[in-house]
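Working notes, beginning with the structure itself.
Proteins come first, then strands; the chains are lettered A, B, ... in the order of their sequence lines, and each starts at number 1. Bear in mind the structure is a predicted one, so any value in this text is a computation, not a measurement.
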Amino acid sequence: MIKQELMTIVSQQQIAKNIYELTMEGELVQEMDEPGRFVHLRINGGTAPLLRRPISVAAVHQHLGQFTIIYRAGGEGTRLLSEKKAGERIDVLGPLGHGFPLEAIESGQTAVLVGGGIGVPPLYDLSRRLKEQNVHVIHVLGFQNQESAFYMEKFCDLGETYMATEDGSLGIKGFVTDAIKQFSVKGDVLYACGPIPMLKALEKENPADRGFVSLEQRMGCGIGACFACVCHPSNDPKGTEYRKVCSDGPVFPIGEVVL
Amino acid sequence: MIKQELMTIVSQQQIAKNIYELTMEGELVQEMDEPGRFVHLRINGGTAPLLRRPISVAAVHQHLGQFTIIYRAGGEGTRLLSEKKAGERIDVLGPLGHGFPLEAIESGQTAVLVGGGIGVPPLYDLSRRLKEQNVHVIHVLGFQNQESAFYMEKFCDLGETYMATEDGSLGIKGFVTDAIKQFSVKGDVLYACGPIPMLKALEKENPADRGFVSLEQRMGCGIGACFACVCHPSNDPKGTEYRKVCSDGPVFPIGEVVL
Amino acid sequence: MNPLHVQLPGLELKNPVMPASGCFGFGREFSQLYDLNQLGAIMIKATTPEPRFGNPTPRVAETPSGMLNAIGLQNPGLKKVISDELPWLSQFDVPIIANIAGSEMEDYVTVAEAISQVDNVKALELNISCPNVKTGGIAFGTVPEIAKELTKKVKEVSEVPVYVKLSPNVTNIVEIAKAVEEGGADGITMINTLLGMKIDIHTGRALLANGTGGLSGPAVKPIAVRMIYEVSQHVHIPIIGMGGISSLDDILEFFYAGASAVAIGTANFVDPFICPKLIAQLQDYVDANGIDHISELTGRSWKVRGNRTYIGS
Amino acid sequence: MNPLHVQLPGLELKNPVMPASGCFGFGREFSQLYDLNQLGAIMIKATTPEPRFGNPTPRVAETPSGMLNAIGLQNPGLKKVISDELPWLSQFDVPIIANIAGSEMEDYVTVAEAISQVDNVKALELNISCPNVKTGGIAFGTVPEIAKELTKKVKEVSEVPVYVKLSPNVTNIVEIAKAVEEGGADGITMINTLLGMKIDIHTGRALLANGTGGLSGPAVKPIAVRMIYEVSQHVHIPIIGMGGISSLDDILEFFYAGASAVAIGTANFVDPFICPKLIAQLQDYVDANGIDHISELTGRSWKVRGNRTYIGS
Ligand SMILES: Cc1cc2nc3c(=O)[nH]c(=O)nc-3n(C[C@H](O)[C@H](O)[C@H](O)COP(=O)(O)OP(=O)(O)OC[C@H]3O[C@@H](n4cnc5c(N)ncnc54)[C@H](O)[C@@H]3O)c2cc1C
Ligand SMILES: Cc1cc2nc3c(=O)[nH]c(=O)nc-3n(C[C@H](O)[C@H](O)[C@H](O)COP(=O)(O)OP(=O)(O)OC[C@H]3O[C@@H](n4cnc5c(N)ncnc54)[C@H](O)[C@@H]3O)c2cc1C
Ligand SMILES: Cc1cc2nc3c(=O)[nH]c(=O)nc-3n(C[C@H](O)[C@H](O)[C@H](O)COP(=O)(O)O)c2cc1C
Ligand SMILES: Cc1cc2nc3c(=O)[nH]c(=O)nc-3n(C[C@H](O)[C@H](O)[C@H](O)COP(=O)(O)O)c2cc1C
Ligand code: FES
Ligand code: FES
């Protein structure tokens, strides 16, 4: 169920260039079932910044009643968020949307998790859950450069991990699709999150038979009421049918929506 | 000289109902000469609340490079201000305006300081400075009730202090003018700060030959450029002459401006 | 009678607070969060004769204390609204105000005629002011004669009272208000969004795919208050006020300006529980202050004190 | 040439950033804070033929990300501005743009004729849009024919180029802009404030003594950007843009929308050093990004990429 809660910050730290890891505590964590869902954060109580910010759940710690997000401090809202300290409270709405289906893969099979930049965080939660299900996980992660990369060790601990950076400062020089080709990455199910060009490239260069992609879109409500975040389904690319990224997504089976 | 500085909060504490005492540190303190001047505070760096808040200097601690303000947390800006903690920084513009003239009274003479509510704070600084000049000070302070009264001991330490509250919970029941009458308060110079009705009553019931009043007015710039805070001078009450509360005031000789 | 119970043409409102059109869909999503029976009414998303996808994305952008939207009247079309959405909403004991839109006058007439026959639709809200549709839309709300004519035509076919939603993007809103009153409008809702724009600093291009969009949220509140203040002194029909409301104080401000009820738009995105929260706060407020009826507050800013008769009553 | 050096009719600007009229008085107060020689120009407080006290106080109120003002054109009058203020300002090597206002067309003509003869006055800015004066003022800026006629009359007597300051409180700002262009305006400044209102919750009455006031500050920025975007595509004269600017990004946004220079109003109250700060940031920006000339940015949001000719050039 979707809940709204003033959650308490347990810790916040910078883990890469402009990248922050923030852990919060509260009852809302109990609702966090599927990896790949997101929370909608109200940064402060005033009128500016006005809108909530959608951020993926990066890790759930059910036994502690805590969860972690990883985000890039870029604009006004995330910059203010990065200044919050342990003990302060944040208005969290969530969990929202539909995540990565765990049941789409069976134990013993291989999942390929491909992430780019701030698309990487939800894959961490996903990878942990898949591991619990005895799924074999391969990670292919892309970043701008070494400075902006994060959670590399954590991913390595969970499974094979290939990296690509635009400047070659970490892993191979190039994009995640280059890494997939170069290391002949293959699996049963693809799970991907990252910028649209990356997802488009993956639609072509799909290292698995089936797959799921997580989309980003500017949002108003985050719950499906305002029609801000719609996209066209592939079977009606110019028509009046639609999917809402916030409530039908953010995760869609590859091929379901027009990227 | 007027300066703008990011000053560091040294301490903040609640000292009465909705009343806070905040001490800040920085170089700007060196400019704080005359009591009764004010600072213009930017509460946060965003766009809401947008305008600065004018607050009187309540005490200057030159040797420490610190100064203190006392304010009521009422609206959005002062409420946010009251949540700030030691170590945080505030954008201060000041000192602004013209304060209470110390040279208007001679050592050995008697000053009557009359304050109401949040008009009381600047009188504390004034009283200390007058004491230093060997002026005899009498305080007449009015509050709504005991809960909202503050700095009573500090004023008592400096000189005779009479109190009035609307409900009689502290001092006499009534207004400062009632206390002045009841205790036959008299002196050479009156210095007053408080709500307009109080100042008007004092114009009639002046316990001294001469006097000075500090006015409040909604402000834009605080430095004399926007014409938000004007008032009519008494010698041209309906004409085009004017005084600016922010830069000509906030302190005016009694009778100079129309209250 | 509960001091919050408000009667307006066609509408028996438990309380004068309702979600604004386009910010609440058809209620399904919010029904997962709280019981919609608490609401005074529901203004549903604009309905057009045909289904519409609306504008390309991005469709929203944030601005200082406000937001821009260019949804472009996306909706499932008249047929589906009547067959799916309104029946679903009939489970709630809440009057529905159907927001209707179109490109041509005929569109409005078509939708009005059909939708006003649905049981739980207690009033229509003519959206003659949406800045995000290229044809028709905008002009209807800016030319008094056209606004009047449209109101008349819709009134002819509607089974329920008709409220006209005014655009703030005009030189003289009183003129438009009077025109729709003359056209037979039973009430006015105001304001719709102000036409605005944001440019993406990184690309140098408009951030919204549509270029411009409608500005809403706290930023526009002073404009909404001013317009309601002006219009309420010049018409005899009630006003449902909106534009930036996000607190109890804001609701009071809109009543004082001249509104008889209020709608809440953008604030639903900031706090999805805002409507029931403010309804509870308003109830506490009237109880604590011994207010006999909320309508006492309407127009207080311009009513002569001690003289409660005024042109709008 | 320094990429920030901008030439506009009558104006040689060291840089395209200047304080907006009414937010800087006649410069005296700010001169205590920094060297005014840094400014691109100074738009002085509106001058009327006779001295004015303006409206009763309170004259300002805060709103979400904005403020309302109802100063009411307080100024010392034409004589004193010419005898005291302008000579004082002549110590700075900064062009003065004289904002002029009045109740009747004749007032504008009187002020224009006299003030345009003063040496350091390099341009006039016709304030046909102040919402805070009861007579004249508002209508001049909302009726194209009147705006055009006023422009013409002032042009006839002015010794320097004439910029007309547009009101955003209109249905169709392009129409007004074209009208003043036809009337001979050398440039446009926009936007003035939006008519707004705030009600004091404690009294139920307008917070400003004047009732309504002009809304400015970041809240109005999306409206200003939209209007400049529209107008700049339809006139051939340059625009000095304003309305909520408080950062370098804002300045870029206004250029992309179609401005050739910008003015800063309300932000001077929030940060009195904002003008020199933003000028320095803008210089760093053009230097760091190898921008040959700031004018390259003008209208980028609507210019066809790779095709730099556009109607406004
Ligand atoms: C489902 C979903 C999950 C996301 N998960 C993460 C995550 O785990 N980590 C992370 O760093 N980022 C994530 N993002 C992107 C994140 O929402 C934006 O970076 C953030 O909203 C930008 O806010 P700001 O204050 O920095 O920027 P501003 O420019 O101040 O934002 C202004 C407005 O634009 C919106 N906006 C700006 N950029 C984006 C964007 N890329 N996507 C959606 N809205 C945007 C903001 O939400 C806000 O409404 C996710 C986005 C979505 C839709
Ligand atoms: C010269 C001067 C000295 C002052 N000294 C003190 C002091 O020492 N202690 C203290 O508690 N208060 C003082 N005040 C009053 C103080 O400025 C206001 O209480 C404060 O600005 C209210 O801000 P807010 O955020 O609580 O209210 P909001 O309602 O959020 O304020 C909205 C706007 O109105 C203005 N405003 C509201 N009330 C007042 C007011 N009474 N006077 C002027 N502007 C107002 C605010 O500055 C702001 O611009 C002084 C005022 C002036 C003019
Ligand atoms: C995302 C969004 C969609 C909207 N859609 C509609 C609509 O379909 N019909 C309509 O009349 N108004 C629509 N509006 C305008 C609102 O109903 C309301 O008039 C306006 O937003 C001002 O109120 P607010 O500031 O509380 O949001 C929409 C507003 C937003 C923000
Ligand atoms: C206090 C105040 C006084 C103003 N006085 C004038 C004026 O005298 N003449 C004028 O043309 N505009 C006047 N304006 C409008 C500004 O010049 C500017 O157009 C408007 O405020 C929008 O810019 P901003 O958002 O940067 O303030 C005034 C604005 C403010 C806030
Ligand atoms: S963000 Fe409102 S429908 Fe998706
Ligand atoms: S506040 Fe601007 S002149 Fe006084």
Atom pairs (donor, acceptor) spanning chain D and chain B, under 3.5 Å:
from     : atom 1 : to       : atom 2 : distance (Å)
D/Gly25  : N      : B/Ala225 : O      : 3.2
D/Glu29  : OE2    : B/Lys244 : NZ     : 3.4
D/Thr57  : OG1    : B/Gln217 : NE2    : 3.1
D/Arg59  : NH1    : B/Phe227 : O      : 2.6
D/Glu62  : OE1    : B/Arg53  : NH1    : 3.4
D/Glu62  : OE1    : B/Arg53  : NH2    : 2.7
D/Glu62  : OE2    : B/Leu50  : N      : 2.9
D/Glu62  : OE2    : B/Leu51  : N      : 2.7
D/Glu62  : OE2    : B/Arg53  : NH1    : 3.0
D/Ser65  : OG     : B/Thr47  : OG1    : 2.7
D/Val270 : O      : B/Arg52  : NE     : 2.7
D/Val270 : O      : B/Arg52  : NH2    : 2.9
D/Asp271 : OD1    : B/Gln4   : NE2    : 3.3

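When every heavy atom of D/Val60 is checked against every heavy atom of B/Gly220, the shortest pair comes out as CG2-N, 4.1 Å.
For the set B/Gly77, B/Gly46, B/Cys221, B/Gly239, the count of heavy-atom pairs under 4.5 angstrom toward chain D peaks at B/Cys221.
Residues satisfying the side chain to side chain contact (heavy atoms under 4.5 Å, CB included) test with D/Gln283, not counting sequence neighbours, are D/Asn2, D/Leu4, D/Val286, D/Asp287.
In this structure, the portion of D/Leu207 lying under 4.5 Å from any heavy atom of chain B is its side chain and not its backbone.
Residues B/Ile223 and D/Phe269 form no side-chain contact, since every pair of their non-hydrogen atoms from C-beta on lies 4.5 Å or further apart.
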